[in-house]
Amino acid sequence: MRKLREEELGVLQGSGQGERKSFERVYDYDMYNDLGDPDTSVDLKRPVLGGKEHPFPRRCRTGRPRCDTDPLSEKRGSNIYIPRDEAFSEAKQVAFSAKTVRSALHIIIPTLEAAIIDEDLGFPNFAAVDSLFNEGIKLPSLKNENKGFLKTLLPRLVKAITNTVDDVLRFEAPETMDRDKFFWFKDEEFARQALAGVNPHSIKLVTEWPLKSKLDPKIYGPQDSAITTELVEREMRGLMTIKEAISQKKLFIIDYHDLFLPYVSKVRQIEGTTLYGSRTLLFLTPDGTLWPLAIELTRPPMDGKPQWKQVFTPCWDSTSVWLWRLAKAHVLAHESSYHQLASHWLRTHCATEPYIIAMNRQLSEMHPIYRLLHPHFRYTMDINALAREILINGGGIFEKSFTPGKYSMELGSLAYDLEWQFNLQALPADLINRGMAIEDPTAPHGLKLTIEDYPYANDGLLLWDSMKEWVSDYVNHYYSNPSLIESDQELQAWWEEIRTVGHGDKKDEPWWPVLKTPKDLIEIITTIVWVTSGHHAVVNFGQYTYTGYFPNRPTIARTNMPTEDPSKEAWKTFLKKPEGALLQCFPSQMQATRMMAVMDILSSHSPEEEYIGEKIEPTWAENPVIKAAFERFSGRLMELEGAIDERNANKDLKNRNGAGVVPYELLKPFSPPGVTGKGVPYSISV
């Protein structure tokens, strides 16, 4: 057995040489050196992600030859190698695999681009935005086979493609818009989504005052924020002083200032986009909801001009109201970019790939931890390869659609460098780190939430506890003797390789958990399965719900604020028709419809979706102790469904219940197929 195992390891680990073939099962590491395409165009050259300059997790090595014009970059091709065991199973006839997603995007996106000839053309008015859901977009005639494929795969998206002379694509109104057409316009909804939207991971408690940048003032200008004590106390309407608000934990912030500011001058060199560093300050009202107090936008010194910064607040005069709306549009573009590049791609898809590679290189398929983790890793490498092919690549969908443009993945690398820690991927640790909870042994889950009605945290902690109990039952069964953890060579090699190779750019960080006891292993495994299931479900399956009507979460801001170095003519135009200024700032017709189509596709559940706790894995069912533990786990998830329904019906929970408010269901474990805004699959499979 030992000899056979060594031979198998030789196959799985490979030699690190040569180009991989589709029939192989080799798992090896490489940097992200295949996002650019410098041989096609110098404009498509992109830096290597991974290493000292741009730290990043590792991906699976393909071994493709290097580019002719850039020896650091790998040549791109139509197919990206993944080990054959990671591909979507043809035997299962998965209806919504990476292959079919790829095919759908290759049909939909070029068809839209052919229909909307001018890439930069904005929407002339809001009636034109609404027409996407009513009249739709006339498309060039689709081939019958493409039309049939799309209707089968994406009945929602292409339900209005007809057999008349002109094919028409009509988008389905997302639930948010269906419940309240003007939801996106409201300040209370803008704030509510920080707790119950598609990116509830950015909001933090304000613990220090005044607000201050940590960036070098010689490069980026004065560090002090323009959000003053007097301004905040005025916006709090005399309810309390700033000192009282901080001591009573009433002030919160969404802070993209120091992360984005270093890229402002670079991004502004790209035509059709702009960028600021931003801070958004929010106040916790007596009824448990959030109210936005102020938005600060900052431009560093550049082009011979000094630093520019301005604070915008909800106001009562017309000019200030429209400036506030424009400031929100910029912040929402920052939100969309951070959500997609950091909360979604980096923290789930990207961070998980090294776990998968290490598992296959170090754990035998008979190993109990391999059997526990395997369903949580199913199809992730396949969908990640798709992302590198057409989503996150140079000149790809994300670069064309998000504010940072060609610097998008670089910015993701900066977020990894500054923010990513394995120990903080655990939900309880993340909440504590952001000041959204404190440890309290007397409270449910051992945590007391800073904001009691925080739907993501409330539901997430129920799911976290259920998963941790299942993982504890499983680990304690196989490691009844604690000394078995340290003596398990395969297990130790797996964890060592994750830390020193897969996430090798952070190998010397002091926060990496040690792996010496069953308790250590339980925390590590629960963190990983939370990321692949609960965390990913939250950031992925609500995308169309909240971005389907793009004014709610524009992916890009195309114009500067009217108050930044305005010309007389520009200011006059803004005053004459402020709605036009907002529409010009929003994504172009092409950018908006492209992302609406992509979000609809990526927010969909397959008919073959494998939901957490729904069906027992055959290897688990073989052991009566594990089978019983799984049945308890499955029962707890059914209880979670009911608990979420009860919470959504509770009128006192205003962040998930109210007129026009979409119930918070992103962490309900089970779902029918399609775009439902609920359902927690085992793995990151879309």
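Remark: I219 CD1 is packed, more than 12 non-hydrogen atoms of other residues, nucleotides or ligands lying under 6.0 Å away. Sparse packing is recorded around NZ of K45, with 12 or fewer heavy atoms of other residues, nucleotides or ligands lying under 6.0 Å away.
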Problem set entry | L281 vs E296, side chain to side chain contact (heavy atoms under 4.5 Å, CB included): CA-CA, chis, key distance, verdict | CA-CA 9 Å; L281 202 64; E296 179 182 27; over 6 Å; no
For this session: Before giving the answer on side chain to side chain contact (heavy atoms under 4.5 Å, CB included), spell out for K204 and I254 the whole-Å C-alpha distance, their side-chain angles and the decisive distance to 0.1 Å.
Result: CA-CA 6 Å; K204 299 177 182 177; I254 298 171; over 6 Å; no
For this session: Dump the intermediate steps for side chain to side chain contact (heavy atoms under 4.5 Å, CB included) on Y276 and V331, then the final yes or no.
Result: CA-CA 9 Å; Y276 294 98; V331 164; over 6 Å; no
For this session: Step by step, work out the side-chain hydrogen bond (donor to acceptor under 3.5 Å, both in side chains) result for H339 and E335.
Result: CA-CA 6 Å; H339 159 250; E335 256 286 301; over 6 Å; no
Exercise. Can W184 and F126 be said to form a ring pair (Phe, Tyr, Trp, His ring centres under 6.0 Å), step by step?
Worked result: CA-CA 13 Å; W184 67 278; F126 279 97; 5.3 Å; yes
Exercise. For H201 and Y456, what are the C-alpha separation, side-chain angles and deciding distance, and is it a ring pair (Phe, Tyr, Trp, His ring centres under 6.0 Å)?
Worked result: CA-CA 9 Å; H201 303 97; Y456 162 68; 4.7 Å; yes
Problem set entry | Q591 vs S588, side-chain hydrogen bond (donor to acceptor under 3.5 Å, both in side chains): CA-CA, chis, key distance, verdict | CA-CA 5 Å; Q591 289 167 329; S588 68; 3.3 Å; yes
For this session: List the steps and the verdict of side-chain hydrogen bond (donor to acceptor under 3.5 Å, both in side chains) for D317 and S320.
Result: CA-CA 6 Å; D317 69 283; S320 298; 2.8 Å; yes
Exercise. What do the steps show when you test T555 against S336 for side-chain hydrogen bond (donor to acceptor under 3.5 Å, both in side chains), and what is the final call?
Worked result: CA-CA 5 Å; T555 58; S336 294; over 6 Å; no
Exercise. Could you go step by step and tell me if F123 and L132 meet the side chain to side chain contact (heavy atoms under 4.5 Å, CB included) rule?
Worked result: CA-CA 11 Å; F123 289 88; L132 297 173; 3.9 Å; yes
Exercise. Do R558 and D120 pass the salt bridge (Lys or Arg N to Asp or Glu O under 4.0 Å) test, and can you show the C-alpha distance, the side-chain angles, and the key distance before you say yes or no?
Worked result: CA-CA 10 Å; R558 298 191 295 154; D120 300 319; 5.1 Å; no
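One finds the CG atom of D34 at 10.5 Å from the CD atom of E389 (value rounded to the nearest 0.5 Å). Note: L275 CG to Y256 OH = 12.5 Å, rounded to the nearest 0.5 Å.
Of the possible donor and acceptor atoms, one in the side chain of T450 sits under 3.5 Å from a partner among the backbone N and O of G435. Remark: the backbone N or O of K678 is paired with a side-chain donor or acceptor of T676 at under 3.5 angstrom. Of the possible polar contacts, one joining the Q307 side chain to the Y220 backbone as a donor-acceptor pair under 3.5 Å is found. The backbone N or O of N648 lies less than 3.5 Å from a partner atom in the side chain of N657, making a donor-acceptor pair. Using modelled atom types, one side-chain atom of S413 and one backbone atom of P55 make a donor-acceptor pair closer than 3.5 Å. Side-chain N or O atoms of K309 include none that pairs as donor or acceptor with a backbone N or O of P300 at under 3.5 Å. Checking side-chain atoms of Y454 against main-chain N and O of P200 turns up a donor-acceptor pair under 3.5 Å. H536 places a side-chain N or O within 3.5 Å of a backbone atom of V686 that can act as its donor or acceptor partner.
No option in T273, T274, L411 other than T273 meets the side chain to side chain contact (heavy atoms under 4.5 Å, CB included) test with V267.
Contact detail for V661 and R179: the closest heavy-atom pair is O-NH1, 3.3 Å. Considering all non-hydrogen atoms of both residues, C585 and L326 come closest at CB-CD2, 4.0 Å. A pairwise comparison of heavy atoms in G405 and I270 identifies CA-CD1, 4.3 Å as the closest pair. Closest non-hydrogen pair, H330 versus A557, comes out as ND1-CB, 3.4 Å. Of all heavy-atom pairs between I451 and G288, the closest is CG2-O, 4.2 Å. Here the shortest heavy-atom pairing between S408 and E399 reads OG-CA, 4.4 Å.
In this structure R594 satisfies the salt bridge (charged side-chain N to carboxylate O under 4.0 Å, His left out) test together with E113, E119, sequence neighbours excluded.
In this structure, H605 and F541 have parallel ring planes: the angle between them is below the 30° cut-off, well short of the 60° mark. Taking the six-membered ring where tryptophan is involved, the planes of F133 and Y549 are tilted, since the angle between them lies from 30° to 60°. Using a 30° and 60° split on the angle between ring planes, H349 and W345 fall in the parallel class, below 30°.
Contact of the F402 side chain with the M595 side chain is registered, since non-hydrogen atoms from C-beta on lie closer than 4.5 Å. Within the 4.5 Å cutoff, the side chain of L284 has heavy atoms near those of the F252 side chain. Side-chain contact between R279 and S213: present, with at least one pair of heavy atoms (C-beta onward) separated by less than 4.5 Å.
Contact check on K212 versus D258 returns no salt bridge, with no Lys/Arg side-chain nitrogen under 4.0 Å from an Asp/Glu carboxylate oxygen. A salt bridge does not link R170 to E135: none of the charged side-chain nitrogens sits closer than 4.0 Å to a carboxylate oxygen. Taking a cutoff of 4.0 Å between a charged side-chain nitrogen and a carboxylate oxygen, R268 and E564 qualify as a salt bridge. A salt bridge does not link R192 with E188: none of the charged nitrogens is closer than 4.0 Å to a carboxylate oxygen. At a threshold of 4.0 Å, the pair K654-D287 does not count as salt-bridged, since none of the basic side-chain nitrogens sits closer than that to a carboxylate oxygen. Between D37 and R46 there is no salt bridge, since no side-chain N of the basic residue sits under 4.0 Å from a carboxylate O of the acidic one. Salt bridge absent: D43 and K406 never bring a charged side-chain N and a carboxylate O closer than 4.0 Å.
A donor and an acceptor atom, one from each side chain of N552 and Q193, are located under 3.5 Å apart.
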